[in-house]
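Indexing begins at 1, ligand by ligand and atom by atom, following the structure's order.
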Amino acid sequence: MKKTLFAIIVTLVSVTFAGSAFAAKYKYVTIGTGGVTGVYYPTGGAIAKMVNVKKKQYGIRATVESTGGSVFNINAIMAGDLEFGIAQSDRGYQAWYGMADWKKAGKQTKLRSVFSIHPESITLVVSGKSGIKNCSDLKGKRVSVGAPGSGTRKNSMDALSTCGLTLKDLGTVEGLKSAEGSKMIQDDRIDGFFFTVGHPNGSIKESTAGRIKVQFVPFTNTKDLLNKYSYYANAAIPVSAYPGVQNSADVPTFGVKATLVTSADVSENIVYAVTKEVFENFERFKKLHPAYANLKKEQMLEGLTAPMHKGALKYYKEAGLMK
Ligand code: GLU
């Protein structure tokens with residue numbers, strides 16, 4: 001009996017030691033994403049999956065964190081709390097030049113680009129009973145314009161500006177996470193919510209599949225906005241992705257790109273590994289989310305403002321994607 005107990009203890013102790021040696025073998029790198037029903041969260045998961053196949057070779061293990069979104073991710077990377085983050089291309093631009101949310105903090109000179117990913121469109125979902133058909137109908141309505149820390153918030157304000165409205169013209173301004181937006185529209189507690197997001201995604205699926213019928217609102221008066229901000233482009237929301245929605249044709253709006261960003265302080269080896277594994281396993285990566293359907297490697301080097309991180313650059317040169 002004593003012998004058995006001794007053997008058990010020895011085994012437990014050695015397993016614990018082996019376990020901690022195992023843990024110490026890897027450097028953990030965390031990717032900041034967004035809400036779990038958006039596209040950032042599964043995108044972080046897809047990137048981590050590619051990298052973790054080779055965790056032994058690189059000695060790194062990628063993990064994913066659900067966050068408030070673009071602005072939170074950039075700030076957390078700059079503070080050294082996250083190694084990577086997904087952020088809208090417009091937010092990367094503003095952070096690099098010290099604009100919008102970074103007006104006070106100034107230029108984020110350590111921000112670095114890795115690659116751009118899927119397109120995201122400024123999406124306004126409203127309930128059928130709200131009577132909102134176009135931008136100017138938003139006057140006096142209960143609208144969520146994106147959670148603090150999200151990239152969405154500034155896009156909502158820009159969208160309102162296309163019909164001369166500001167946040168002050170809304171009846172109630174909510175700052176909900178996307179998952180809450182879908183829920184609250186179904187509870188009739190809001191008339192609509194904005195979400196800058198890739199399609200298809202879980203949040204919009206949830207809101208379009210409920211009891212209360214919803215529709216997308218088009219933004220067509222975007223010429224001035226597109227002239228003023230180089231990061232905006234015309235976009236369309238594919239209605240075929242959402243069978244329950246009331247629109248019968250794709251809805252015109254404007255959009256940005258999701259990008260993977262990091263800091264100049266993150267080591268070349270780590271960024272090289274992440275870049276290489278996504279690009280070398282591209283077909284497998286693309287299958288991980290329907291929002292990547294039209295992704296092309298060359299386009300993933302476009303739409304970025306902050307300089308390329310040297311680890312990413314090393315891979316792009318090696319692969320002949322950059323000179
Ligand atoms: N673009 C959104 C934001 O930064 C997040 C989208 C997502 O989670 O897919 O606010």
Side-chain angles (χ1 to χ4, degrees), residues 30-48 64-78 82 84-96 100-102 108 111 113-125 143-159 174-183 193-208 216 219 229 231-233 235 237-238 241-242 253-261 288-293 295 303-306:
T30 308
I31 308 169
T33 60
V36 292
T37 53
V39 183
Y40 283 11
Y41 187 73
T43 296
I47 296 170
V64 171
E65 199 176 296
S66 170
T67 72
S70 299
V71 175
F72 178 94
N73 294 341
I74 292 177
N75 290 337
I77 293 168
M78 294 297 91
L82 290 173
F84 292 93
I86 306 174
Q88 294 175 198
S89 49
D90 52 332
R91 296 319 209 142
Y93 180 101
Q94 292 155 1
W96 177 252
D101 286 58
W102 295 274
Q108 302 300 299
L111 187 67
S113 300
V114 187
F115 47 73
S116 64
I117 324 169
H118 57 280
E120 301 188 86
S121 40
I122 283 69
T123 307
L124 172 60
V125 182
V143 184
S144 171
V145 296
S150 71
T152 303
R153 220 178 158 87
K154 170 82 167 69
N155 303 136
S156 310
M157 296 195 258
D158 287 343
E174 301 279 357
L176 305 171
K177 289 185 191 158
S178 57
E180 289 167 354
S182 328
K183 224 181 141 316
F193 70 94
F194 279 96
F195 192 20
T196 302
V197 67
H199 296 286
N201 65 78
S203 277
I204 309 286
K205 276 197 175 153
E206 245 169 53
S207 54
T208 52
F216 300 123
F219 289 97
Y229 302 118
Y231 43 70
Y232 282 143
I237 306 165
Y242 306 107
T253 179
F254 58 107
V256 292
K257 263 183 159 191
T259 70
L260 184 70
V261 294
L288 293 177
H289 200 287
Y292 314 148
L295 274 197
L304 304 159
T305 305

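In this structure, atom 10 (O) of ligand 1 lies nearest to the protein heavy atom Gly151 N, 2.6 Å. Looking only at protein heavy atoms, the nearest one to atom 9 (O) of ligand 1 is Val39 N, 2.6 Å. In terms of protein heavy-atom proximity, atom 2 (C) of ligand 1 is nearest to Thr196 O, 3.2 Å.
When Tyr40, Tyr41, Phe84 are each tested for a side-chain contact (heavy atoms from CB on, under 4.5 Å) with Ile31, only one passes: Phe84.
Arg153 places a side-chain N or O within donor-acceptor distance of the main-chain N or O of Gly146, the cut-off being under 3.5 Å. Using modelled atom types, no side-chain atom of Thr152 and backbone atom of Phe195 make a donor-acceptor pair closer than 3.5 Å.
Residue-level proximity to ligand 1 for Phe195 is carried by the side chain, the only part with a heavy atom below 4.0 angstrom. Contacts between Arg91 and ligand 1 below 4.0 angstrom, taking non-hydrogen atoms only, are absent altogether.
Applying the salt bridge (Lys or Arg N to Asp or Glu O under 4.0 Å) test to every pair with at least one member in residues 32-48, sequence neighbours left out, gives no pairs at all.
Of all the atoms in ligand 1, the ones that sit under 4.0 Å from a non-hydrogen atom of Ser70 are 3 (C), 4 (O). Set against the non-hydrogen atoms of Val197, the atoms of ligand 1 under 4.0 Å away are 9 (O). Within ligand 1, counting atoms from 1 as listed, the ones closer than 4.0 Å to a heavy atom of Gln88 are 1 (N), 2 (C), 3 (C), 4 (O), 10 (O). Against a heavy-atom cut-off of under 4.0 Å, Ser150 is close to the following atoms of ligand 1: 10 (O).
Judged by distance alone, the side chains of Thr43 and His289 never bring a donor and an acceptor atom under 3.5 Å apart. Remark: the Tyr232 side chain and the Asp158 side chain contain an N/O donor-acceptor pair separated by less than 3.5 Å.
Using a 4.5 Å cut-off on side-chain heavy atoms (C-beta onward), Thr259 and Ser113 make no contact.
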